[in-house]
Amino acid sequence: FPHVFGQGRGGFDMVLGNPPWEHVELKEEEFFAARAPSIAKARNAAERKKAIAALKTSAPTLFEEFQAAQRLADSEMYLIRASSRFPLCSRGRINTYAIFAELNRELINDRGSVGCILPAGIAMDDTTKLFFSGLVKTQSLAALFHFENEDRIFPTVHHAFRFVLLVISGKARKTTAAQFVAFARQVPDIQDPARAYTLSSEDFTLINPNTGTFPAFRRARDADLTRTVHHRVSVLIRETREEFPEINPWNISFRQGIFNM
């Protein structure tokens, strides 16, 4: 799009989307579900891999098809990780929604906006915390509306799934305090003043200083109370970061393996 990125325009005025939500990997069960159900229904991974290896002689065409699909998935993963195009979201088990979120942000100009529907993990997961905390620190996060699917807004998605409407602003349109609503079930919920609250980058530093992820509150008064508490009392441990030293008044340490999510 030379007319969009050329002549000093710098990108789109607006990017809207509902990107695909898929892990960037080849799932053997899904690949063989229709092609070879017996392999898909294997008792365990070891048995499945043995059956796949046997295809080399029993069904060479299917075996080659599987190898091509595996190579495509591996190539996509390599491109995402090694290209340096997605430095913030190409971590851990990569999901396409996170890659699209980072790409969308890069596609807008300094006064542009992004609006997209994404799984709630974009604001809460460890693998995307660098992206989300970066939005907060640069004051690029305009709003985030967090939904539960209990009322089946998306009928074919599991009722317990949570997603967000994420709004991002360009570099020249900084937002000192972003707007939030959490645990909404219907679109009108985001206009409920009892639910809506704002958080500044300083609030994130107080409440979630270690991860920078989204603190979800069901009510605005819960956000106000938590903010007030953290103004008076530090979090249990504030880990070392570039901008501040560790605070650990209780001298607490965690042994790896205690918590296994």
Side-chain angles (χ1 to χ4, degrees), residues 14-27 29-31 33-34 40 80 86 88-105 113-136 140-169 175 178-199 203-204 207-208 211-226 259-261:
M14 181 171 289
V15 174
L16 299 174
N18 177 11
W21 308 349
E22 297 288 344
H23 283 107
V24 184
E25 62 186 12
L26 178 64
K27 297 178 181 177
E29 297 95 324
E30 292 182 5
F31 180 86
I80 291 169
F86 312 102
L88 302 177
C89 292
S90 57
R91 304 167 67 244
R93 192 181 179 201
I94 298 173
N95 194 301
T96 51
Y97 80 79
I99 301 304
F100 272 92
E102 188 167 358
L103 175 62
N104 288 349
R105 186 189 183 192
S113 297
V114 170
C116 48
I117 305 173
L118 305 167
I122 194 67
M124 296 177 165
D125 285 357
D126 183 69
T127 54
T128 54
K129 66 183 181 183
L130 295 180
F131 172 75
F132 187 77
S133 63
L135 296 179
V136 173
S140 301
L141 179 62
L144 185 142
F145 303 119
H146 172 273
F147 284 82
E148 301 175 302
N149 198 42
E150 295 294 344
D151 287 354
R152 298 288 188 177
I153 293 179
F154 292 110
T156 59
V157 177
H158 193 276
H159 71 93
F161 197 82
R162 294 174 179 177
F163 62 94
V164 299
L165 306 182
L166 178 67
V167 183
I168 303 172
S169 297
T175 303
Q179 302 176 42
F180 299 96
V181 170
F183 304 104
R185 293 192 175 185
Q186 294 289 342
V187 174
D189 290 343
I190 66 177
Q191 299 173 332
D192 183 351
R195 288 176 172 267
Y197 57 97
T198 61
L199 294 173
D203 293 330
F204 275 86
I207 299 171
N208 280 351
T211 62
T213 52
F214 168 53
F217 300 105
R218 292 187 179 275
R219 298 290 175 183
R221 63 185 181 184
D222 298 335
D224 293 337
L225 178 59
T226 303
F259 300 109
N260 188 334
M261 297 301 289

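We number each residue from 1, following the sequence as shown.
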### Query
What class does the angle between the rings of Phe180 and Phe214 fall in, given that below 30° is parallel, 30 to 60° is tilted and above 60° is perpendicular?
parallel

### CG-CG distance between Asp125 and Asn95, expressed to the nearest 0.5 angstrom
9.0 Å

### Query
Any donor-acceptor pair under 3.5 Å linking the side chain of Asn149 with the backbone of Ile153?
yes

### Task
Could you tell me whether the side chain of Thr211 reaches within less than 4.5 Å of the side chain of Ser133, counting heavy atoms only?
no

### Ser169 side chain vs Ala142 backbone, donor-acceptor pair below 3.5 Å
no

### Query
Pro215 and Leu199: which non-hydrogen atoms are nearest, and at how many Å?
CG-CD1, 3.6 Å

### Query
Would you call Lys129 and Asp126 a salt bridge, using N to O less than 4.0 angstrom?
yes

### Heavy-atom pair of closest approach, residues Thr128 and Ile122
OG1-O, 3.4 Å

### Query
Sub-3.5 Å donor-acceptor pair from the side chain of His146 to the main-chain atoms of Val164, do we have one?
no

## Note on the structure
On a heavy-atom basis, the closest approach of Ile168 and Phe131 is CD1-CZ, 4.1 Å

## Note on the structure
Here the gap from Arg162 atom CZ to Glu148 atom CD, rounded to the nearest 0.5 Å, amounts to 4.5 Å

### Query
Quick one: does Asp189's side chain have a donor or acceptor within less than 3.5 Å of a partner on Gln186's backbone?
yes

### Query
Closest heavy-atom contact between Thr96 and Pro20?
OG1-O, 2.7 Å

#### Entry: CD1-CD distance between Ile99 and Glu22, expressed to the nearest 0.5 angstrom
14.0 Å

### Task
Mind checking the OG1-CZ spacing from Thr213 to Phe132? Nearest 0.5 Å is all I need.
7.5 Å

#### Entry: Distance, nearest 0.5 Å, that separates CZ of Arg195 from CD1 of Ile190
11.0 Å

### Task
Drop me the distance from Tyr97's OH to Cys89's SG, to the nearest 0.5 angstrom.
8.0 Å

### Message
If you compare all heavy atoms of Ala216 against all heavy atoms of Tyr197, which two are closest, and at what distance to 0.1 Å?
### Response
CA-OH, 3.6 Å

### Message
Before you tell me yes or no, could you show the steps for Leu166 and Leu141 under side chain to side chain contact (heavy atoms under 4.5 Å, CB included), namely the whole-Å CA-CA distance, both residues' side-chain angles and the distance that decides it to 0.1 Å?
### Response
CA-CA 8 Å; Leu166 178 67; Leu141 179 62; 3.5 Å; yes

#### Entry: ring pair (Phe, Tyr, Trp, His ring centres under 6.0 Å) evaluation trace for Phe154 with Phe161
CA-CA 10 Å; Phe154 292 110; Phe161 197 82; 8.7 Å; no

### Query
Between His158 (side chain) and Ala160 (backbone), is there a donor-acceptor pair under 3.5 Å?
yes

### Message
Looking at Arg152, I want to see if its CZ is surrounded by more than 12 non-hydrogen atoms of other residues, nucleotides or ligands under 6.0 Å.
### Response
yes

### Task
Apply side chain to side chain contact (heavy atoms under 4.5 Å, CB included) to the pair Ile117 and Leu165, showing each step before the final yes or no.
CA-CA 5 Å; Ile117 305 173; Leu165 306 182; 3.6 Å; yes

### Task
Quick one: closest heavy-atom pair of Ala143 and Ala178, and the distance?
N-CB, 4.5 Å

